[in-house]
Structure formats: structure tokens, C-alpha cells
Amino acid sequence: MAKRILKIGLLGAGIIGKGVVDLYKRNIESINKKNDLVLVLERVADRDQSRLQALDLAAGNVTTDASQVLDDPDINIVIELIGGLEPARSFITRALENGKYVITANKDLMATHGQELLDLAREKNLNLFYEASVGGGIPLIRTLKHSLVADRVKRLVGIVNGTTNYIFTRMDQGGLSRQEALSEAQKLGFAEADPTNDVEGLDAAYKLVIMANLVFGKKAKLDQVYVQGIGGVTYEDIAYAREIGYTIKLLAIGEELPEGLALRVHPALVPLDHPLASVLNELNAVFVEAEAVREVMFYGPGAGAMPTATAVLADVVEAARCIRSKAENGMIEKPLAETDFVPIGDLQVRFYLRILAEDRPGVFAALANSFGDENVSLDMIIQKRRVGELAEIVIITHKVKEEAFQRALKKISDFSAIKPDPSIIRLLE
Ligand code: HSE
């Protein structure tokens, strides 16, 4: 019997879209052979003619009209690589309504409307796959969902933003300022022209929500994620961190506590002997702590056209397998349960604090009293450098309730001898 031909339509011929077409051309023969499939890229749609020309496909295989992908009854699988919320959300909805399997790399959309789209896919007995939405080429989504299903994940800690990891690596290893490191990352293509979502932590928050939904099976909400970007971290902080055996990373942390889910994105001091400390440059990693497996880490290229294209095409193959044999129905089999969230103020954390103070009697006493009043125990105090006329003091606390630390900080900032805007960075425990 002749094998059924499965036709693919692609929306979006930007950097990732072109990567998918290039990888398709390079590997489709072996992909089909290995999986006993006949997958064919039928049509690519993009509003920009020049992007379509760059794909070097036959004229009949490209279009500026998305409906020629969405409404073509011969197309079985639609790949959405437009990004952003609209028109991506409407297009995915339309593709599912039209009976097509959908693949997306869209983290913004999956973090904000993923549940609604997965519900629709389930209702239609179809699938929506999104392996490329987190961690680019790292096999992560399917692993978190399938391979850890028999365990109970307690916490996941991710370096899921390449731009900020590159910046911190170059500040640490190259002595660059934050701005110099960002410019270098942009020059090398590791950072976008507008890196706002990356440096402010939103990109990592999107990815955290997607992963938390999968590992905790509860409805993680973007507006319940505490998000702090890398703006407050200077070269001096990185140098002090190294001196005491740490490096600084932007972390996305999700944990299930008895009171609910705690979700946060912020820079953190990571011990140099922690596996995440050796994740350098633009690379990503997710470190999972679970009851039975204990600790596992997934590591690799979190972005880039070709690594991301491998995740997209793997999803295409998965969709084709489902069409053939209904192997899997939905990446989330049932609607996620509602959950409580633990506010950042209730978490127990260790803090690094770097302050500048006038060098006069009573400053340490004031610091000690403010921390003592709030039951904040200090682990380490360093004072060895002057900045002009000012003394620079670095303090590491023991684990404290964040609220208590913030109250102590407020008291400290009322002293005229203490200069405003200290550096405050949490530690990874
Ligand atoms: N802008 C992201 C990063 C890549 O810097 O990691 C896409 O998710």
C-alpha cells in the first residue's frame, strides 16, 4: 500500500523559519526513511517577499498569504514561527479549527494562552507541540513531560536566557561592563537589537511558566512570577561573588512548596561547584531536583536557527506519528489544576548586599542593630575597599524570610551615612 503523504505548511520565514527550511532540505530524506514517513514541505507563508526569496524554494511553494497554509485542506501540519501574540494566536486557532496539527516555538503565546490552545487541540483530538518554545535545541519539553512523569519534581532551576547568560559570562571572565557585554552579544548575534524582554527577565519568565505547567501539573500564571532583570548587577558584584566562591546567573526558579507554587526570575549568586555555574556564554541549562531521580540537568544551545530547527522538525515527526497511530494526544492531557502561589516575601533566602557608607563611627552598629531587630543573621561581612571617600561593605546573610530582610534594609536606608541603591542579590541554595 502506498504510504500516506503528510504535508507541512510553515508560517513565518524569519531566522528560525529559514533554519527549519534549511534543515528540512538537508535532512528530510533521512527523517522520512528513519521514521517510515513521507513528509513534504508544501508551502511557506510570510508577508515579506524577500524572506521568501531567501528560502530558495519553487515559486509554487511560497506565498505571502497565510490563508494558503491555514485553509488548504491538503496541509496536515502547520508550523507557526511568526512569534508574538497576534496574529499567531488567531492563526493557531484557525489551523486547529481546520483539523491541522500545530507546531509552535512561540514562548510568549504558550506562556499566556497555552492552556486555551491546548484545550482546543484536545477538543479537536489534535496536538499542539511546542518543544522549541523553551531551551531551543535542548530536548526539554518532551523530557520534562514524559521522562519525569513517574517522579515528583520539587524544584527546577534554569538558565533559560542566552542573552543574559552571555552578558554575565563576559562580565565575569572578560571584565566587561554590562553594557559592553550586551553590545558584544548583539554584534555576535546572541542578543536581539531590542533586548528588553531578555535583560528584564520576561523572556525567562515565559519559559518558566511553560516548564512549571509541565512539571508541577498546576496552572502557573505569568502574573504570579516574581521578575527582576539584570539591571542591578555590576562588575563589582561579579568580582565580589567570585572572591567568595560564586558566579552570578539570571535564574528562573520554580518550586512546589506546601503553601503553593513559588515562581521567580532574578539574578542569583550560584556556587562555583554547582553544575549551573559552568553553563557559559549563550548556552542554557535546566537543573531539576526531584524526589527519586534526585538531580538531573539538561544543557545545550537555547537559541539559534539550526538548534531550534531540530526541535521544530522533531515536533513535526511527532505530529506525523500521531496522525499515523494516535501515539499521543496532547502535551497536557487534562486542564491544569488551579493552585495557590507563594509570594516572594514569604520565601526563605540568603542575600548578598553591597552598600556604600560614610566611613564614620556607628555605621556597623546601625547595620547590626537593623538586622538584629529583624532576626536576620549574618554569615559574612567584608569591608576592604574604598570608593572615593566611601567604605564599601559586602554582607552575606544566612537564610532569612525575604520580608524580614526587606524590613531591615528599609531601616538601614534611613541612616544618612548609608548611600542609596545598594546591590541586593539572592543566593541559590
Ligand atoms: N532571546 C532568547 C535568549 C532566545 O536570549 O535566550 C529565544 O528564546
Side-chain angles (χ1 to χ4, degrees), residues 12 14-20 23 79-85 88 103-112 114 129-141 144 156-171 176 178-179 181-214 222 225 227-231 233 248-253 265-268 276 279-287 298-312 314-315:
I15 292 171
I16 309 296
K18 176 153 182 356
V20 167
L23 191 67
I79 306 171
E80 180 277 309
L81 297 175
I82 301 166
L85 297 189
I103 317 301
T104 182
N106 194 327
K107 55 190 177 271
D108 316 26
L109 185 60
M110 288 311 291
T112 49
F129 291 126
Y130 49 99
E131 181 63 60
S133 65
V134 184
I138 309 173
L140 194 56
I141 294 292
L144 292 180
L156 64 87
V157 185
I159 295 173
V160 287
N161 184 264
T163 303
T164 47
N165 203 39
Y166 187 86
I167 291 172
F168 280 153
T169 303
R170 294 294 291 138
M171 287 170 78
L176 269 56
R178 209 172 52 236
Q179 192 48 50
L182 172 61
S183 305
E184 190 179 276
Q186 284 170 320
K187 234 176 273 157
L188 294 172
F190 297 139
E192 313 214 5
D194 177 3
T196 312
N197 279 0
D198 299 296
V199 297
E200 291 186 356
L202 192 58
D203 176 81
Y206 287 142
K207 295 168 180 169
L208 177 61
V209 166
I210 295 171
M211 292 190 292
N213 279 336
L214 285 173
L222 192 62
V225 184
V227 185
Q228 184 193 330
I230 65 166
V233 181
I248 298 182
K249 301 282 184 192
L250 182 74
L251 297 183
I253 305 175
V265 170
H266 56 71
L276 286 171
V279 178
L280 301 178
N281 298 314
E282 76 285 8
L283 292 166
N284 284 196
V286 176
F287 185 82
F298 310 102
Y299 166 84
M306 292 315 263
T308 307
T310 64
V312 171
D315 274 352

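Just so it is clear, the values below take in all heavy atoms, side chains as well, and ignore hydrogens, waters and symmetry mates. Keep in mind it's a predicted model, so treat the numbers as computed, not measured. Every number for a ligand or one of its atoms is a count from 1 in the order of the listing.
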Look at the side chain of [X] and the backbone N and O of [Y], then say whether any donor-acceptor pair between them is shorter than 3.5 Å.
| X | Y | answer |
| --- | --- | --- |
| Asp315 | Glu131 | yes |
| Asn165 | Val279 | yes |
| Asp108 | Leu85 | no |

Exercise. Is the shortest heavy-atom distance from the side chain of Met211 to the side chain of Leu140 under 4.5 Å?
Worked result: yes
Exercise. Heavy atoms, side chains only, cut-off 4.5 Å: are Gln186 and Thr163 in contact?
Worked result: no
For this session: Check each heavy atom of Thr163 against ligand 1 and say whether those closer than 4.0 Å belong to the side chain, the backbone, both or neither.
Result: both
For this session: With heavy atoms only and a cut-off of under 4.0 Å, state how Thr164 meets ligand 1: side chain, backbone, both or neither.
Result: neither
Problem set entry | Under 4.0 Å to a heavy atom of Gly162 - the qualifying atoms of ligand 1, by number | 3 (C), 5 (O), 6 (O)
Problem set entry | Glu192 neighbourhood, listing ligand 1 atoms whose heavy-atom distance to it stays under 4.0 Å | 1 (N)
Which residue owns the protein heavy atom closest to [atom], what's the atom, and how far is it?
| atom | value |
| --- | --- |
| atom 4 (C) of ligand 1 | Ala303 CB, 3.7 Å |
| atom 1 (N) of ligand 1 | Asp198 OD1, 2.8 Å |
| atom 8 (O) of ligand 1 | Lys207 NZ, 2.8 Å |

For this session: Could you tell me whether Ile15 atom CD1 has more than 12 heavy atoms of other residues or ligands within 6.0 Å of it?
Result: no
Exercise. Does even one non-hydrogen atom of Lys107 get within less than 4.0 Å of ligand 1?
Worked result: yes
